Undergrad: 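My questions will all concern the structure given below.
Any value given below was found using the heavy atoms of this structure, including those in side chains, with hydrogens, waters and symmetry copies removed. Here is how names work: the chains are called A, B, and so on, in the same order as the sequence lines, proteins then strands, and each is numbered from 1. Keep in mind it's a predicted model, so treat the numbers as computed, not measured.
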Amino acid sequence: MSTASWMPSASVGSPSQKSQTYPRTIPMTEPENPKTPPVPPNPSVKPEAESPGRPSEVQKSEQELVRADKYRRLIEAGVDPFPHKVERTHSVLDLVDAYAGKTAEELEPAPVRTVVAGRMMSVRLMGKAAFFHISDGRARIQVYIRKDKVGDEAYERWKLLDIGDILAVEGALFKTRTGELSVLCDSFTFLAKCLHPLPEKWHGLQDVEIRSRRRYLDLIMNPEVADVFRLRSAVISWLRRFFDGRGYIEVETPMMQAIAGGAMARPFVTHHNALNMDLFLRIAPELFLKRLVVGGLEKVYEINRNFRNEGIDSEHNPEFTMLEFYEAYRNYDDMMEMTEEIFCGLCRDLLGKDEFPYGDRVISLKRPFRRVKFREALAEGSGLPSEAFDDRPRIIKLAEGLAPEKKPVTYGKALDIIFDKHVKEKLVQPTFIVNPPKEVSPLAKSALGEPAEAARFELMVAGMELANAFSELTDPAEQKARFEHQAEEKRKGNDETHPIDLDYVQALEYGLPPTGGEGIGIDRLVMLLSNRRSIREVILFPLLRPREDQ
RNA sequence: GGGCCGAUAGCUCAGCUGGUAGAGCACCGCCCUUUUAAGGCGGGUGUCGCGGGUUCGAAUCCCGCUCGGCUCACCA
């Protein structure tokens, strides 16, 4: 939303003019605007507070008109509408942490003076005095304002504030009769007007759509939402410390790529005008990171966005954050060790325990995690005997029955389908699914002694795939053959294939040392640790269709 | 993209087989100087998501659309 046209310009509120009468009537009706809605019949609202001029030409509600009018009266009373700064002595959290535990007797002899600022979240007005709470997002504190303390003029001006307004309060700390830490207000400073009513104090903001579209409102009303994003930030900095401490370097590889490789997914297409070429937003950084390992950067990691042009649901957002890391002279067994260290370390350091709830289950992150071969997991989850998986036509037929729209179904793909349908959701406790079929892993080495299997694992927790790692395929000829096989699959109508990247093959021809690589989906990791069932709860601004009225 | 469900006051929600919309909070007026979901008295502030249709009459029934949720497909 652009700046509201009815807002006073900066000069209007400048200090030199602050004692003058506000020179403009507010709000201004644009005379040529025939859509200006009729004035609602409300005798309590002054006529000049009506006829809104919001750029969107959306009619203001009664409460918005009241707020706009109070704001105008504040400015007319000489209040700077946009002050530059306020010197706080404490954050709200500072005060609560330091003094909430003190008794009235401890506070009284030497009252602590404070200047504290926040958003007014509730008001209890009692004639010549009032209590209200202010919040700065991390904590809230009560303020007691008395007419005989601040003076008649200031008290009347305070009454022009609404729930949602931001102000600074100066005064001394005390405890009320009921024992609540409070600030006895000597004076206050207006800092920002909230021109819209806030959601209800008791139920708050529930509407999932509004919570995502106007995340700021969600954050104002639902403090636990901010906790999720603080946790997300802590997860990412923990991971950076982890890798930095092990001699990894953090790198950034292209977001815009001529060939969208490193995974099998549909990319977004964009266009470069000067080069007159289409480019793809990356679906994975993998092939670039391994080029760096070829170049001698033996330990690299990247935490960044990937973009996949696929469906949206509670586990998928078109842009999502991925950690990928590669270490030379390692294999996937080493990556399994590291994965355990990462998950258990995060849990221990950020949650302070090795168990936590997820939905109606308790997830227990204790080393070592269970390790199950892909085929054994299939047998376990599907109820079929292990030998049944040697009967290839039978397995393909079974998979075709489970997912009739997926053609052609190869043996490897059939195993994948059965896994997704029968096994995945049963894997609640952390489980490494080891050695999936090679043909769905075109960038991984074959498992030692098992040519049909990939030297790869996926970590499943709470039915979600949290990590995916393998011993990287380093043989350029083999890699080229795998790419060509993918292209052949594509010609057969399989749209889940990896594109040929001959430049990457050339990099391999210079020699990629044995390398272990892994990807961890940050969004899902945060979902897990914060007990959120939807990816939209851990992404500040998830993709939504735009709305005209927003 | 398919199926199911939803959209009513600023917010959270009621509203039956069709008869011109209600509650709590918020808001407005009055009273109230230690309240805390403050309290008392008075006031409903609405394009019932949008557009058609049926009907004497539609929030309600039918059709189309928009946005969202769940789910299936796709994907991580």
Undergrad: Using a heavy-atom cut-off of 4.0 Å across all strands, would you classify A/Gly204 as base, sugar-phosphate, or nothing?
TA: sugar-phosphate
Undergrad: For residues A/Phe432 and A/Phe369, establish whether the separation of their ring centroids is below 6.0 Å.
TA: yes
Undergrad: Please tell me which of the listed nucleotides, B/A76, B/U12, B/G69, lies nearest to the side chain of A/Leu205?
TA: B/U12
Undergrad: B/A76 base stacked by A/Phe320? Criteria: ring centres under 5.5 Å, plane angle under 30°.
TA: yes
Undergrad: How would you label the contact of A/Arg524 with the nucleic acid (heavy atoms, under 4.0 Å): base, sugar-phosphate, or nothing?
TA: base
Undergrad: Heavy atoms under 4.0 Å, any strand shown: does A/Thr176 hit a base, just sugar-phosphate, or nothing?
TA: base
Undergrad: Side chain of A/Arg308: nearest nucleotide among B/A76, B/U34, B/G68?
TA: B/A76
Undergrad: Does A/Gln63 contact B/U45 through a side-chain donor or acceptor facing the base, at a distance under 3.5 Å?
TA: no
Undergrad: Between A/Asp313 and A/Gly179, just flag the one whose closest nucleotide in RNA chain B comes earlier from the 5' side.
TA: A/Gly179
Undergrad: Among A/Arg232, A/Arg532, A/Arg305, which residue meets the salt bridge (charged side-chain N to carboxylate O under 4.0 Å, His left out) test with A/Asp523?
TA: A/Arg232
Undergrad: If you look at every strand shown and take non-hydrogen atoms under 4.0 Å, does A/Gly521 touch a base, only sugar-phosphate, or nothing?
TA: nothing
Undergrad: Using the rule side chain to side chain contact (heavy atoms under 4.5 Å, CB included), only one of A/Ile363, A/Leu459, A/Leu529 pairs with A/Phe343; which is it?
TA: A/Leu459
Undergrad: Using a 4.0 Å heavy-atom cut-off, does A/Leu544 contact any base of the nucleic acid, only the sugar-phosphate backbone, or nothing at all?
TA: sugar-phosphate
Undergrad: Looking for any heavy atom pair under 4.0 Å, which part of the strands does A/Glu465 touch: base, sugar-phosphate only, or nothing?
TA: sugar-phosphate
Undergrad: Mind checking A/Arg545 for me? I need base, sugar-phosphate or nothing, with any heavy atom below 4.0 Å counting as a touch.
TA: sugar-phosphate
Undergrad: Would you give the length of the straight line joining atom CZ of A/Arg282 to atom CE of A/Met322, rounded to the nearest 0.5 angstrom?
TA: 10.0 Å
Undergrad: Remember a base hit wins even if backbone is also touched, and classify A/Met322 as base, sugar-phosphate or nothing at under 4.0 Å, heavy atoms.
TA: nothing
Undergrad: Between the side-chain atoms of A/Arg124 and the base atoms of B/U35, is any donor-acceptor pair under 3.5 Å?
TA: yes
Undergrad: With heavy atoms under 4.0 Å as the rule, sort A/Asn317 into base, sugar-phosphate or nothing.
TA: base
Undergrad: Of all the choices, B/U45, B/U35, B/U34, which nucleotide is nearest to the side chain of A/Ser182 once you look at every atom?
TA: B/U35
Undergrad: Measuring from the side chain of A/Glu200 (C-beta onward, heavy atoms only), which nucleotide among B/C27, B/C25, B/U33 has the closest atom?
TA: B/C25
Undergrad: Sequence neighbours left out, what pairs pass ring pair (Phe, Tyr, Trp, His ring centres under 6.0 Å) with at least one residue falling in residues 206-225 of chain A?
TA: none
Undergrad: Quick one: which of B/C70, B/C27, B/C67 gets closest to the side chain of A/Ser314?
TA: B/C70
Undergrad: Using the closest heavy atom to pick a nucleotide of RNA chain B for each, name whichever of A/Arg536 or A/Lys424 lands nearer the 5' end.
TA: A/Arg536
Undergrad: Contact class for A/Asn306 vs. all strands (heavy atom < 4.0 Å): base, sugar-phosphate, or nothing?
TA: nothing
Undergrad: Counting side-chain heavy atoms from C-beta on, which of B/U35, B/C32, B/C27 comes nearest to A/Val66?
TA: B/C27
